[in-house]
Amino acid sequence: MSKKRIVVLSGAGVSAESGISTFRDSGGLWEKYDIMEVATFEAWTRNQALVMDFYNQRRKQLYEVEPNAAHYALVKLEEQFDVQIITQNVDDLHERAGSKNVMHLHGELKKVRSSVDEDLVYELDGWELKKGDTCEKGSQLRPHIVWFGEPVPMIPPAAELCSTADIMIIIGTSLNVYPAASLVGYVPDYCHVYLIDPAEVNVAHIPGVTVIREKAGKGTAELVNKLLNE
Ligand code: OAD
């Protein structure tokens with residue numbers, strides 16, 4: 001018998017216990033920085049140095065943190081399930097914990113890409129992207145991040161995965177950012193949805209959802225144990 005498929009939709013909260021700030025919590029990144037100044041293409045054309053520095057600092061921090069109990073619990077889930085992770089996070093903590101199938105909706109911090117040809121994507125050597133680092137076509141490299149106002153090319157394959165989910169687990173996302181937040185709408189009627197978050201998240205559009213009001217580390221480990229023992 002083939003394994004049941006679990007689709008995980010993760011957000012910044014899954015990495016919070018690793019020491020990476022979320023965006024919209026009190027003290028979160030969007031309280032310290034103006035989205036329009038660091039996370040749009042217009043910002044990039046206006047002030048490359050500022051945008052580059054913002055992502056350089058995020059990338060530098062990524063080399064200093066480790067996956068946490070939530071990331072590791074999701075790896076354990078693979079013992080019995082076909083686990084597909086769709087993450088809004090640009091960190092690589094799911095991969096470093098050992099998860100096999102990770103899809104990044106909003107890009108990846110450790111990668112950079114050409115600013116004239118989006119198919120030219122490179123692993124950055126080290127944490128610092130510098131002015132004058134160019135792609136093979138000679139244009140400045142930019143962070144491999146989906147900025148606000150840009151298309152999200154991974155949405156169609158992510159929606160396809162959701163449409164084949166037996167179980168969906170949503171962890172640590174305020175579900176404020178679209179189209180990512182709309183993915184739960186693609187799951188079939190028989191799919192049971194769990195949502196793990198210590199704060200109240202609007203779940204009015206998720207029929208039959210089981211809400212687990214815990215931090216990701218504890219909530220995910222407990223849910224994974226329950227699913228593996230059912
Ligand atoms: P948000 O900052 O909007 O939401 C983080 C969620 O994590 C909130 O619901 C918190 O309650 C929850 N949280 C905080 N600590 C937690 C913990 N220890 N365990 C579990 N949950 C915890 O972050 P996202 O929803 O991921 O996009 O934001 C979505 C997108 O908006 C991001 O991918 C990013 C951002 O702007 C881009 O930069 C393109």
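Note that ligands are numbered from 1 as they come in the structure, with each ligand's atoms numbered from 1 the same way. In this chain, numbering begins with 1 at the start of the sequence shown.
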TODO: Have a look at E95 and tell me which of K100, H104, H71 forms a side-chain hydrogen bond (donor to acceptor under 3.5 Å, both in side chains) with it.
DONE: H104
Open item on the list: Does anything in residues 107-122 form a salt bridge (charged side-chain N to carboxylate O under 4.0 Å, His left out)? List the pairs, not counting sequence neighbours.
Closed with: D92-K110, E108-K111, D117-K137
Task: Main-chain N/O of G132 paired to Q140 side chain as donor or acceptor, under 3.5 Å - done: yes
- [ ] Show the protein residues that qualify under the rule heavy atom under 4.0 Å from an atom of ligand 1, listing them in chain and number order.
- [x] G11, A12, G13, A16, E17, T22, F23, R24, D25, W30, Q88, H106, V146, F148, G172, T173, S174, V177, D197, P198, A199, K215, A216
Task: side chain to side chain donor-acceptor pair (under 3.5 Å) partners of residues 198-209, not counting sequence neighbours, each pair once - done: none
TODO: Taking salt bridge (charged side-chain N to carboxylate O under 4.0 Å, His left out) as the test, write out the residues that go with K218, two or more places apart.
DONE: E214, E222
Open item on the list: Here's one to test your reading of the geometry: is the NZ or CZ of R58 within 45 degrees of the ring axis of F54 and under 6.0 Å from its centre?
Closed with: yes
